[in-house]
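Worksheet for the structure shown next.
Residue numbering restarts at 1 for every chain, and letters A, B, ... go by the order of the sequence lines. Model, not experiment: these values are computed from the prediction.
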2 protein chains.
Amino acid sequence: MPKQPEPEQPGGSAPQAAALRLGVDRTSPVPLYFQLSQQLEAAIEQGRLAPGSLLGNEIELAARLGLSRPTVRQAIQSLVDKGLLVRRRGVGTQVLHSKVRRPLELSSLYDDLEAAGQRPTTRVLRNTVEPATARVAAALGVAEGADVRLVERLRYAHDEPMARLRNHLPVELLDCDTAQLESTGLYRMMRAVGITLHSARQSVGARAADAEEARLLGEAPGAPLLAMERTTFDDTGRAVEFGDHIYRASRYAFEFQLLVRP
Amino acid sequence: MPKQPEPEQPGGSAPQAAALRLGVDRTSPVPLYFQLSQQLEAAIEQGRLAPGSLLGNEIELAARLGLSRPTVRQAIQSLVDKGLLVRRRGVGTQVLHSKVRRPLELSSLYDDLEAAGQRPTTRVLRNTVEPATARVAAALGVAEGADVRLVERLRYAHDEPMARLRNHLPVELLDCDTAQLESTGLYRMMRAVGITLHSARQSVGARAADAEEARLLGEAPGAPLLAMERTTFDDTGRAVEFGDHIYRASRYAFEFQLLVRP
DNA sequence: GAGTGGTCTAGACCACTTG
DNA sequence: AAGTGGTCTAGACCACTCC
């Protein structure tokens, strides 16, 4: 059981993690496994851990950090779940050859545009209470004809129209202040009142713009549009929103990353 | 520390798991946590664990099954990751109100159609080696003009054209037998030769059909099409495929489930 | 205050891959 | 045969929620 540092130069995939300054702060309220996974993730993002390189075995890593192996495993596992690392039994844990960023998130168009530096703005076209159509009632799990809030908005980026967003919400869920709707995204408003979003069922298709849609979005009638329907659920399983949205295909596409589930 | 079975009827959310026949087989090579998670998943799917009901605390569950708490936690965690359960500190673990099925997977159109009972068939339009265009070279990480295999297929469901699939692959990756391409999906062929798919970067947009595309798909010129570009990576981080696909919007939409990452 | 999940430890044995 | 990750145990203390 050699304790001295090994020469280790077997090709180009020797453990590089040994050179990293890793360490945890036990006085911090941040969980130890999370501190470690953040440090490793930062090292990968910054290229200090080269793609394809081995991380070094878990036992040694645990010993070096003064942690138990399960704790180190928990840190590594979270990065495997993010797609940054790959484990192979009998081989080791390898840094994936970049290219991978984030798996698909339940994203808000507002946040997406803001993150892209697109300066999103919103015009509220409608903010009313209407009886639920059969389609909306089925999606939200309410009775057909029951009161449902209808919010229709036009979303701009750099003052160019990008999308028409039509959302249906249970009336009791949220105080939909029009001024607030114009200054932020719907998901942010939900989170602000304590709703924990959990999952969404989406459908993405395409269709031709009708005259009204073309006028709103500044496209020609018949122009191709991206159409998305989405039902969002909170962590109690309740449907909190049904959206029926159209996007200008000339200006917008959905980009996302998928991970294969093992 | 009350050891006797409690009356427990606090509303409608008492632990129902007590009524379940759970048990693990220690002689099986299947991991204990996996056996447990499968049993719980089946109980949820079949409604034997009602949505919203509590699972009962982990310690007790572990004791009942003769397992350690970490093992039980691992089983529960895998179902939380699948979106079937929700944990709340101080409260318990609850079954989510159904509706949730699978998060988005890296799906093959062939498998999707087959799973939907759509009887997919394929016509190979091209199966050649071509020099890589700039776009393809960038996606696959090869030199511009380098040899790349080009596979172009028309995919039918019930003998109706659904999509035109155009794939670019590194030449050395796969023996692309045309007969095989007509009888199965590309991902299956990759898995069959030991390629482990890991992730994909996708972009979904819409555009109008040109004359050629319209003719192939049986649509009118100018009809809206769903357009998807996808680069797929294996678990070494290597790009194994770049796809440039169009789907008839009148016949096809992408459906998927998203989970919010905590 | 009682009960829950969240985190952590210090070991153990097994299965798989590689030389 | 050696080294790796995969699984598992039997405890422990803490943070949060609810009564």
With a cut-off of less than 4.0 Å, is there a side-chain N or O of A/N57 near OP1 or OP2 of D/dG3? no
Which of these nucleotides, C/dC8, C/dT18, D/dT17, is closest to any side-chain atom of A/S68? C/dC8
For A/A132 against A/A143, the heavy-atom pair lying closest together: CB-O, 4.0 Å
Under 3.5 Å: donor-acceptor pair, side chain of A/Q94, backbone of A/G52: yes
Could you state the atom-to-atom distance from CD of A/Q94 to P of D/dG5 in whole Å? 11 Å
When rounded to whole Å, the CZ to C1' distance for the pair B/R73 and C/dC8 reads 11 Å
With a 4.5 Å limit on heavy-atom distance, are the side chains of B/L174 and B/L186 in contact? yes
Selection: residues 24-35 of chain B, any non-hydrogen atom under 4.0 Å of DNA chain C: none
Separation of atom CD in A/E58 from atom C1' in D/dG3, rounded to whole Å: 12 Å
Mind checking if A/I59 touches a base, just sugar-phosphate, or nothing, with heavy atoms under 4.0 Å? nothing
A/Q77 and A/R87: side chain donor to acceptor below 3.5 Å: yes
Is any side-chain heavy atom of B/P170 closer than 4.5 Å to a side-chain heavy atom of B/V148? no
Any A/T93 side-chain N or O less than 4.0 Å from OP1/OP2 of D/dG5: yes
If we only count heavy atoms from C-beta on, is the B/S28 to B/Q35 side-chain gap below 4.5 Å? yes
Nucleotide D/dC18, atom P - distance to CZ of B/R88 in whole Å: 9 Å
Protein-nucleotide distance (A/I76, atom CD1; D/dT4, atom P), rounded to Å: 12 Å
Donor on one side chain, acceptor on other, A/R153 and A/N127, under 3.5 Å: no
Contact under 4.0 Å: B/T71 side-chain N or O vs D/dT9 OP1/OP2: yes
Rounded to whole Å, please give me the gap between CG in A/L61 and P in D/dG3. 18 Å
The side-chain contact (heavy atoms from CB on, under 4.5 Å) partners of A/T236 (sequence neighbours excluded) come to A/D234, A/R238, B/R88
Any sub-3.5 Å donor-acceptor pair from A/Q39's side-chain atoms to A/G23's backbone N or O? yes
Between A/L67 and A/V91, which has a closest nucleotide on DNA chain C that is more 5'? A/L67
Round to a whole Å and report the spacing from CG of A/D235 to P of C/dG5. 15 Å
Please write out the pairs of protein N or O atoms and N or O atoms of nucleotides 12-15 of chain C separated by less than 3.5 Å, giving the distance to one decimal.
{"residue": "C/dA12", "atom": "N6", "partner": "A/R69", "partner atom": "NH1", "Å": "3.3"}
{"residue": "C/dA15", "atom": "O4'", "partner": "A/R89", "partner atom": "NH1", "Å": "3.2"}

Specify the separation, in whole Å, of atom CD of B/Q74 and atom P of D/dG6. 10 Å
